[in-house]
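Heads up: the structure comes next, in structure tokens.
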Amino acid sequence: MARTRKAAQDSIVVETVRVRGTVQGVGFRPTVWRLAQGEGLAGTIGNDGGGVLIRLEGPELAIERLLGRLEASPPPLARIESIERKRLDEAPSCTDFRIIESETTGMRTAVAADAAICPACKAEILSPFERRSRYPFANCTHCGPRFSIIRAAPYDRARTSMADFALCADCAREYRDPADRRFHAQPIACPVCGPRVRLIRLDGRLDGGAVESGGMPDAVEAAACLIARGEILAIKGIGGFHIACDATDAAAVARLRERKHRDAKPFALMARDLAVIRRYADASDAECSVLESPAAPIVLLRANGPERLPQAIAPGLDQLGFMLPYTPLHVLIMQRLDRPVVMTSGNLSDEPQAIDNDEAAERLGGIADFALVHDRAIVNRIDDSVLRFAAGAPRILRRARGYAPGRMALPPGFEAVPEILAYGGELKSTFCLVKDGAAILSQHQGDLENAATLADYEKNLGLYAALFEHHPAVLAADRHPEYLPAKHAREAAGARGLQLVEVQHHHAHIASCLAENGRAREAGPVLGIALDGLGFGDDGTLWGGEFLLADYAGYRRLGTFKPVPMLGGAQAIREPWRSTYAHLSAALGWQDFAARYGGLELCSFLDRMPRATLDAMLRRGINTPLASSCGRLFDAVAAALGLCRERARYEGEGAMLLEAAVDRAALEGGDHAPAYPFAVHRPAPGDLAYIDTLPMWQALLDDLGRGTPAGVIAARFHAGLARAVAAMAAQAISNVEAEGVAIDTIALSGGCFQNRVLLEQVMARLAALGRAVLTQSEVPSNDGGLALGQACIAAAAVLNERGQACA
Ligand SMILES: [Zn+2]
Ligand SMILES: [Zn+2]
């Protein structure tokens, strides 16, 4: 017995192990090399088109231990999608374990996202005894720039902006040593051979020359002192410039708002560590672990710490967007500052952020008086990602630095799909590539109405095509006739003779949610609830509060919100009171409203507006498109409460202020908490069910008349809306099930679900229906997630066509 077991332990086997996922350019090969050294295993490891291929020779148990350790603690930036093992019937042929240089062909899994400085590099730059002491560009295989510096694939130094810096002998040795943390770290650098930082004046005043790092005083040190003194600085980061100032200095913050023409949009903040953040905001363990993750996004936190920041940081909001220093440069600046620093993107409102030193001096000179720049070029602009927790899970609101261009395996059933390019939406735009059964979602591109942003979007389409060797056979786009990316897609399809799939906006939202949750292609339809601002509807009106029976292949509209005209079209978005007037006119009629609620300040406000013109527009149907938009309903209620009435200073301001106003105590009691009534209409056969807001408005106006606090009104509105959504869902499910279609799942998407109170209230009310509820987390529920949904819908269409062709 003992003999056989010993024999089994000692038996030498030969095995190949295929690892798929994000496994190239993230220190995977040296990690396996070190594990193999530890176990005394022989073999090889190399990158290829399928990911990483390992050959292992040695005792079976040692191989088991190696793979166990690899799975339990892979390199920090790696994401293993699958490990396939194959025992070979061969004799061992290796004498040691070797890393094979890659002949990169085929799939480009090598382009990883930029990653925040790792603990080892951080300790190194803060130690006075290291070669890279206080060096602002230290990095290793576990951290540092990736996507932001790449010019072309495959990812190696010569094709990045590090190509300008020749390695010194010490860095070259580290780069070649598999036992070193910097083995094959493409952006490897040190004070001898790497980029340098420089502090320059932008205010036109005479200076004594730029301050170089390494000189006295150190440029980074000087920058920290200037911030502490109340100055405004531009700082070149990893994917663009930031504008920085002391967040506790109300005068500096006010000056920054004025210069940036950004009068209300909340500013992002950076703090040295969690202890500084906790002085101003609550951060749960889960929130802290996201703050400290390699992606290091901005996390929106409840602003209820013992200390307060000036109101101007995030006017009217109850949360602050914090991030931790994610580059060595940021670590060194923040080390000197025991308080939060504003780190807003370096641009004028609505423009993309600057990335080039000269461009920054020109464009940011009117905002910042100094700039901390460096000579490592930013090749690809990428914004900070934004995330918040809601209903117990992280929700990415803006997917950019640290996440893009991450790969996402598509759900079962999409394996055989051809290459697809989905163009996304027009606002908060992203695009999505499908290749080898996986989706690659681009970073947040911004609002394409801006010419500079659109130019950047076009550049990025080309970049991704090159990096991922992507040759789409099929294009997908929104059905909206005027969306710029959809126009682009139509032109490209025509010019290149490619198939174009045009996708309804809300169908794409729901498909995005299904894909993110891994719902199989053939899994059957769900009830999709898409609540957002606006999307082009199949009947030519604008939709935005939709209940859809949907799968990837198609959808049927089961319910909506009663459509209300948008007074002046897009002007109604900029001036929220227009939505209030339209809603009240549609629900009550002005005469009834004025008769019953004439005493309200709201009534006298609306009465001062050009009502005669508006009424004429309504009568004649001029520039008053109908919209079943949940977003406009939020605008209408926020404006009625006076939270955001005459002008929305940024997109979604009304909804954000309304959520922030919610008195949490007024939500307690769950099903029994006071909530405004909405009417859910049962349709006659063949008609569409809809939610009517009339009873809600009456109750809300009565509360206004009684002087009920805005926080209580906001709570009752959210609670009532959630109940109406659940009631509509219940009705839709029972109608569909009466037709013999079983619904086991509800999918929630659309920008309105970024509202934490609404999401949590809706999920709580839906629980009673006993269906699984899918929500978005990794992919934004706003229009930033549309491209993924479009891609999957196009994929399903193509696969179904093929299936029919075969049958
Ligand atoms: Zn590192
Ligand atoms: Zn060096």
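Because only heavy atoms are used, hydrogens play no part in the values below, and waters and symmetry mates are left out as well, while side chains stay in. Numbers here simply count residues along the sequence, with the first being 1. Start at 1 and go down the list; that is how both ligands and their atoms are numbered.
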- For Glu231 and Cys245, what are the C-alpha separation, side-chain angles and deciding distance, and is it a side-chain contact (heavy atoms from CB on, under 4.5 Å)? CA-CA 6 Å; Glu231 300 283 357; Cys245 75; over 6 Å; no
- Think Arg407 forms a cation-pi with Phe468, using NZ or CZ under 6.0 Å from the six-ring centre and within 45 degrees of its axis? no
- Query: Mind checking whether the Zn ion (ligand 1) has an N, O or S of Cys140 under 2.8 Å?
  - Reply: yes
- Could you please compute the angle at the Zn ion (ligand 2) from SG of Cys193 to SG of Cys171, rounded to 10°? 110°
- Note on the structure: Rounded to 10°, the SG/Cys143 to the Zn ion (ligand 1) to SG/Cys121 angle comes out at 100°
- Query: In terms of heavy-atom contacts, does CD of Glu362 have more than 12 from other residues, nucleotides or ligands at under 6.0 Å?
  - Reply: no
- Task: Could you go through the side-chain contact (heavy atoms from CB on, under 4.5 Å) check for Arg173 and Arg182 one step at a time?
- Result: CA-CA 9 Å; Arg173 188 177 35 74; Arg182 298 192 164 92; over 6 Å; no
